[in-house]
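Report on the following structure.
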Amino acid sequence: MIPFRDITLADKETITAFTMKSQRRNCDLSFSNLCSWRFLYHTQFAVMDGFLLFKFWAEGELAYMMPVGEGDLKAVLRALLEDAQSEGKPFCMLGVCSNMRSELEEVLPGRFIFTEDRDYADYIYLRSDLATLKGKKFQPKRNHINKFRNLYPNYEYAPITPERVQECIELEAKWCKANDCDQQEGTGNERQALLYALQHFQELGLTGGILHVDGRIVAFTFGMPINHDTFGVHVEKADTDVEGAYAMINYEFANHIPEQYTYVNREEDLGIEGLRKAKLSYQPTIILAKHMACLKDHPIEMIKW
């Protein structure tokens, strides 16, 4: 029996002890994402035989994540399969990247069906690219930055601190109204996760930045490390009436991410055309494909372990 339990803020140290050492760069492993979205996915975790395990429920469907850690992967996978069987559900794992797929095929060859969804691929960039915007391919981005500086020469960038959280919440409400949030599927969930993250900013271990023009907030962003070399940017909001605000908050935040992080994961586009175009325009170095891996219809007892 796997000792799964609900994830809480108090579990940050336990979980990041595994994720920060991992080679995995997918945004699903950010502690902030795990905690902020638990209301929707009923996220649970467990530590077993040297591995960190995750279990989710979404609209009645059960899913797991590929175990994070080192040791006997086959034995831990068997325990997960038995857990799914005890729930009366098929065994599926979300967020399985190519290297994880290889691990699964090595341990249980031919036993899984892999389904890729491009809408959930992560966009990963070199931090140095976002922070310098050097080269011909970034000329359009530099133009946006220069125009913003010309229009708003007295702009200020500052870190998000507890006393600045409220102005972020107010800008998010303005952004939501301008973008018809209430008319779009899924935005209510995003708002709930975002507000939770802002309200528990320090406990989650988040880092963020705010852009001010003439003393008022026009953009904010925040995120946290996913592993030892990748920083995850989870949220970026800007006043759409302020030209270049998105480009500038992106640029400033990239310059304030510690240099130990080689990569920046700016998460998925969710199939939203404008978001995909924007994320591609920053020239990702990796588009990290993620699969759902579901066990073929074999009774566990029939698998040769």
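The first residue of the sequence shown is numbered 1, and numbering continues consecutively from there.
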Donor-acceptor contact below 3.5 Å, side chain Arg149 vs main chain Tyr155: no
When hydrophobic residues are tied together by side-chain contacts of less than 4.5 Å, even through go-betweens, does Leu80 share a cluster with Phe51? yes
Verify side chain to side chain contact (heavy atoms under 4.5 Å, CB included) between Phe31 and Glu13, making sure each step is shown before the conclusion. CA-CA 9 Å; Phe31 180 73; Glu13 189 174 334; over 6 Å; no
With a 4.0 Å cut-off, would you call Glu82 and Arg78 a salt bridge? yes
Does Gln202 reach the side chain of Pro162, with side-chain heavy atoms less than 4.5 Å apart? yes
Would you say Thr221's side chain and Val235's backbone share a donor-acceptor pair under 3.5 angstrom? yes
Which of these passes salt bridge (Lys or Arg N to Asp or Glu O under 4.0 Å) with Lys290: Glu267, Glu268, Glu116? Glu268
Within this structure, what is the NE2-CD1 distance for the pair His291 and Ile113, rounded to the nearest 0.5 Å? 13.0 Å
Backbone N or O of Pro159 within a donor-acceptor pair of the Arg164 side chain at under 3.5 Å? yes
Are Ile160 and Leu194 connected, step by step, through hydrophobic side chains (Ile, Leu, Val, Met, Phe, Trp, Tyr) whose heavy atoms are closer than 4.5 Å? yes
Sub-4.5 Å side-chain heavy-atom contact between Leu77 and Met93: yes
Check the pair Val47 / Phe18 against side chain to side chain contact (heavy atoms under 4.5 Å, CB included), numbers first and verdict last. CA-CA 10 Å; Val47 174; Phe18 283 89; 3.8 Å; yes
Backbone N or O of Gly60 within a donor-acceptor pair of the Lys89 side chain at under 3.5 Å? yes
Ile226 side chain near Asn26 side chain, heavy-atom distance below 4.5 Å: no
With a 4.5 Å limit on heavy-atom distance, are the side chains of Asn265 and Ile124 in contact? yes
Under 4.5 Å between side-chain heavy atoms, hopping through other hydrophobics if needed: is there a path connecting Leu34 to Phe45? yes
Ignoring hydrogens and angles, state whether a donor on the side chain of Asn99 or Glu103 is under 3.5 Å from an acceptor on the partner side chain. no
Within the side chain of Lys12, is there an N or O that forms a donor-acceptor pair under 3.5 Å with the backbone of Glu203? no
Do Tyr157 and Asn255 have side-chain N/O donor and acceptor atoms under 3.5 Å apart? no
Please say whether the positively charged group of Arg25, taken as NZ for Lys or CZ for Arg, lies over the ring of Tyr263, i.e. under 6.0 angstrom from the six-membered ring centre and within 45 degrees of the axis. yes
Do Asn250 side-chain atoms and Tyr246 backbone N/O form a donor-acceptor pair below 3.5 Å? no
Nearest 0.5 Å please: distance from the NZ atom of Lys55 over to the OG1 atom of Thr43. 12.0 Å
Within the supplied structure, the quantity of interest is the number of heavy atoms (other residues, nucleotides, ligands) at a distance under 6.0 Å from Asn150 CG; does it exceed 12? yes
Who are the side chain to side chain donor-acceptor pair (under 3.5 Å) partners of Ser36, not counting sequence neighbours? none
Are the side chains of Lys279 and Ile287 in touch, meaning some heavy atoms are under 4.5 Å apart? no
Kindly compute the distance separating OG1 (Thr230) from CD1 (Ile286), expressed to the nearest 0.5 Å. 7.5 Å
How long is the span from the CG atom in Asn146 to the CD atom in Gln139, to the nearest 0.5 Å? 8.0 Å
Just do the side chain to side chain contact (heavy atoms under 4.5 Å, CB included) check on Asp28 and Trp37 with the steps written out, would you? CA-CA 10 Å; Asp28 318 281; Trp37 286 88; over 6 Å; no
Taking all non-hydrogen atoms of both residues, which atom of Met224 and which atom of Leu204 are closest, and how far apart? CE-O, 3.4 Å
Indicate yes or no for a side-chain donor-acceptor contact from Glu236 to the backbone of Phe220 under 3.5 Å, with no hydrogens or angles considered. no
Only one of Val218, Leu211, Val242 passes side chain to side chain contact (heavy atoms under 4.5 Å, CB included) with Tyr152, and that residue is Val242
Report the relative orientation of the aromatic rings in Phe114 and Phe112; use parallel for angles under 30°, tilted for 30 to 60°, perpendicular for over 60°. tilted
Do Gln283 and Lys141 have side chains that approach each other closer than 4.5 Å (heavy atoms only, starting at C-beta)? no
Hey, are Ser30 and His234 close enough side-chain-wise for a donor-acceptor pair under 3.5 Å? yes
Tyr125 reachable from Ile145 in the ILVMFWY side-chain graph, under 4.5 Å edges: yes
Ring pair (Phe, Tyr, Trp, His ring centres under 6.0 Å) between Tyr251 and His144, worked out: CA-CA 10 Å; Tyr251 174 76; His144 286 306; over 10 Å; no
So does Glu87 have more than 12 non-hydrogen atoms from other groups sitting under 6.0 Å from CD? yes
Does any N or O in the side chain of Asn227 come within less than 3.5 Å of the main-chain N or O of Arg24, such that one atom is a donor and the other an acceptor? yes
What orientation do Tyr261 and Phe231 show, parallel under 30°, tilted 30 to 60°, or perpendicular over 60°? perpendicular
Side-chain heavy-atom pair Asp239, Arg216 within 4.5 angstrom cut-off: yes
Rounding to 0.5 Å, atoms NZ (Lys174) and CD (Glu167) come to a distance of 12.5 Å
Working to the nearest 0.5 angstrom, can you tell me the gap between Cys168 SG and Trp175 CH2? 14.5 Å
Taking side chain as C-beta onward, heavy atoms only, is Asn189 less than 4.5 Å from Tyr41? no
List in chain and number order the residues that pass ring-ring contact (aromatic ring centres under 6.0 Å, His included) with Phe201, two or more places apart in sequence or in another chain; answer none if no residue qualifies. Phe222
Does Met20 share a hydrophobic cluster with Ile257, counting links as ILVMFWY side-chain heavy atoms below 4.5 Å and allowing steps through other members? yes
Is there a side chain to side chain contact (heavy atoms under 4.5 Å, CB included) between Phe56 and Met65 once you walk through the steps? CA-CA 8 Å; Phe56 310 91; Met65 200 181 286; 3.5 Å; yes
Asp122 side chain to Cys27 main-chain N or O, any donor-acceptor pair under 3.5 Å? yes
Answer yes or no: is there an ion pair linking Arg118 with Asp269, defined by an N-O contact shorter than 4.0 Å? yes
